[in-house]
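These notes concern the structure reproduced below.
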Amino acid sequence: MDELVTMTYSEAVREALAIAMERDERVFIMGEDVGTYGGAFGVTGDLIHRLGEDRVRDTTISELGIVGLGVGAAMTGMRPIVEIQFSDFTAQAMDQIANQAAKIHFMLGGAVNVPLVIRAPGGSGTGAAAQHSQSLEAWFAHIPGLKVVMPATADDAKGLLLSAIDDPNPVIVIEHKLLYKTSGEVRPGDTRVPIGVAEVRRTGGDLTIVATGVEVSRSLEAAEILAAEGIEATVVDPRTLKPLDTETIIAEVIKTGRVLLVQEAVKTLGFMSEVAAVLSETEAFVHLRAPIKRLAGLDIPIPYAPQLERAAVPQVDDIVAAARTLVQEW
Amino acid sequence: MTTPIVQDRDRARESLRTMWRIRRFEEAVEDLYGRGLMHGTMHLSIGQEAVPTAACQALNRDDYITSTHRGHGHCIAKGADLERMMAELLAKETGYCRGRGGSMHIADTETGNLGANGIVAGGVPIAAGAALSAKLRGTGQVALAFHGDGAMGEGAWHEGVVLAAMWQLPVVFLCENNLYGMSMSSERAFNLPQLSDRAKGYGIPGVTVDGNDLQAVYDVTAEAVERARNGGGPTFIEAKTYRWRGHSKSDKNLYRTREEIDEWRLKDPIVRFELETVEAGTLSEADLEAVRDEVRTELRGAVQRANAAPDARPDDLLASVYAEVGA
Ligand SMILES: Cc1ncc(C[n+]2csc(CCOP(=O)(O)OP(=O)(O)O)c2C)c(N)n1
Ligand SMILES: [Mg+2]
């Protein structure tokens, strides 16, 4: 087996983009400042110099247009990847995402596919405040016809993106701004992570933590602190929100009988509300010895001040405290 | 200079046949709906038939179009099958969308029709994307976006045109200005003597044409398509026409006068073209009659067969949402 390579999450995304474009002429990327500038978060980097400006296309500041052109290109034989500079700006593009891309295959009776990838950085923690920090994954998971992935590691960032590019359906890839600079071990070459398969990142018998995005690493860190206190946690990362690997989640919850659901997004009608519902209407329910516990962002816009921003979404300490209470009280 | 359509027997006949197919199809739809035999909603383009008929003649079969909620004419002019269209509207399994789309979502990949659209201006950036795709693949195909005057108030229109202009994409934006977006008159809405004045602001050529003049629409579209195919980028066309019927089924026509409607009925594009062909000595009264008969027979057959087809089935609805991976 080839040796693992250590690289950052954003390098892993870039590697996937390069691999896909070198392998398949139909693949190209477009978005605001993805060319010479290298992307607002530096993700596309030097790709324009390696692949040329036809394949790495700078656009005007036109999110609805960018996604719309992506839909048209995807319907006619190309494999476009569009970058939305901040996931918040998918609001501008929502018609093309929700009413066009998501529905065309179904609405047209299966006659056409829309193999479009939309990459969008989400999440808080950068001091960019309310319009540049949201976690909007539930918006997309709520629209039949879209697939939604949320890579939490560098290897998943690469592998899920490669799978997304090959998928005949529109796939929203929600990357996390705070993860871009984190490093991880990545399998070399054209290695995929299948869409729709969760990953058990740690096992322990006392409780099961299900976490997404940046909360995965926070949950793993919390699990180490808990372990020092004698509480062992399993940590499940769904990786794909739609279609959801309910089987793995249910199985891991049954093993411990306690579940803590952690998301950065606001609590009300968030993704973990769906996970809670799945657990309560399946056999997992009868194995629970504690009520299902959700730990989520406060129901507020993300504030600017660093101490307020931290308080708005679950941090490692919050996860430790919630897990401890769950295990000690039940 | 090619022979004018009106002097070319085959093309004149074909143009008339297309216009009659659109008119009779929509009259049949109106009738079925009125008798409670068709459900849903629909938007009729009766009175506007010359625009798609002429524009699609300027396109090749493998060129792309995107269409609108008022899309039957575009679909038929690009070459769709009337029976499959009718079957779709009658909620049959044999319809273009297997009963999942209805009037507002008929597409026909075989004739390059990427689909009608329930969202005003939704097809504009999609057409630009198809043009980008054609350019990247080097196929020489052109895309044409049909849209209404009302669509020009949408951000999607603006963004699609901006990107197409920046990249000089092979696309034509064809506005069927039927003077109203639902009840809002385009004159009142846009504060422009003609909508093509807007093209200059996007750095692309723009032209306004009488949309009930088949030859005129053909000429400007052919020029725009040629420019697009030769790397000259997008063109905006405003074709002025009029919808005779209400916006959709619930329209009480409170925003326009009976006189205005009657005035435009006198400018019937089909009657106009029939007269022109007879005057030019290209077609005889008997020829005209033959075209009408032919279309009547075709349509009757299409309705009968569509009616007899099996109803759309709900059993694989859940499996219809996503395309199969690896298929
Ligand atoms: C985004 C959006 N807004 C509003 C509507 C409702 N609507 C459907 S058609 C229409 C009028 C469109 O006018 P125009 O573009 O001129 O086309 P026409 O109906 O005249 O063919 C309206 C308001 C819609 N379908 N989509
Ligand atoms: Mg109109």
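Each chain gets a letter, A, B and so on, in the order its sequence line appears, and its residues count up from 1.
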Between [X] and [Y], what is the shortest heavy-atom contact and its length?
| X | Y | answer |
| --- | --- | --- |
| B:Leu163 | A:Gly65 | CD1-C, 3.5 Å |
| A:Arg57 | B:Leu136 | NH1-CD2, 3.6 Å |
| B:Pro125 | A:Leu69 | O-CD1, 3.3 Å |
| B:Ala323 | A:Asn113 | CB-OD1, 3.3 Å |
| B:Ser133 | A:Met78 | OG-CG, 3.4 Å |

*Side chain, backbone, both or neither of A:Glu63 within contact of chain B (heavy atoms, under 4.5 Å)*: backbone
_Segment of A:Ile61 engaging chain B (4.5 angstrom heavy-atom cut-off)_ = neither
With a 4.5 Å cut-off on heavy-atom pairs, point out which of [options] contacts chain B the most.
| options | answer |
| --- | --- |
| A:Asp95, A:Ile66, A:Val71 | A:Asp95 |
| A:Gly109, A:Gly110, A:Pro170 | A:Gly109 |
| A:Met75, A:Gln100, A:Arg55 | A:Gln100 |
| A:Gly145, A:Ser163, A:Ala102 | A:Gly145 |
| A:Leu64, A:Val67, A:Thr76 | A:Thr76 |

Go through [options] and name the one with the most non-hydrogen pairs under 4.5 angstrom from chain A.
| options | answer |
| --- | --- |
| B:Val124, B:Leu114, B:Val321 | B:Val321 |
| B:Ile126, B:Thr139, B:Asp108 | B:Ile126 |
| B:Gln141, B:Arg98, B:Arg137, B:Glu324 | B:Arg137 |
| B:Gly95, B:Ala107, B:Gly99, B:Gly122 | B:Gly122 |

Can you say whether [X] sits under 4.5 Å from chain A via the side chain, the backbone, both, or neither, judging by heavy atoms?
| X | answer |
| --- | --- |
| B:Leu132 | side chain |
| B:Ala127 | neither |
| B:Leu169 | side chain |
| B:Tyr322 | both |
| B:Glu88 | neither |
| B:Trp167 | side chain |
| B:Asn117 | side chain |

Does [atom1] belonging to [X] count more than 12 external heavy atoms closer than 6.0 Å?
| X | atom1 | answer |
| --- | --- | --- |
| B:Lys249 | NZ | yes |
| A:Gln131 | CD | no |
| A:Leu269 | CG | no |
| A:His49 | NE2 | yes |

_Contact between B:Thr109 and A:Val112 at the side-chain level, heavy atoms closer than 4.5 Å - yes or no?_
yes
*Can you find a pair of side-chain heavy atoms, one from A:Lys147 and one from B:Val325, that are under 4.5 Å apart?*
yes
Rounded to the nearest 0.5 Å, what separates atom [atom1] in [X] from atom [atom2] in [Y]?
| X | Y | atom1 | atom2 | value |
| --- | --- | --- | --- | --- |
| A:Ile104 | B:His105 | CD1 | NE2 | 10.0 Å |
| A:Asp54 | B:Lys135 | CG | NZ | 8.0 Å |
| B:Met166 | A:Asp58 | CE | CG | 7.5 Å |

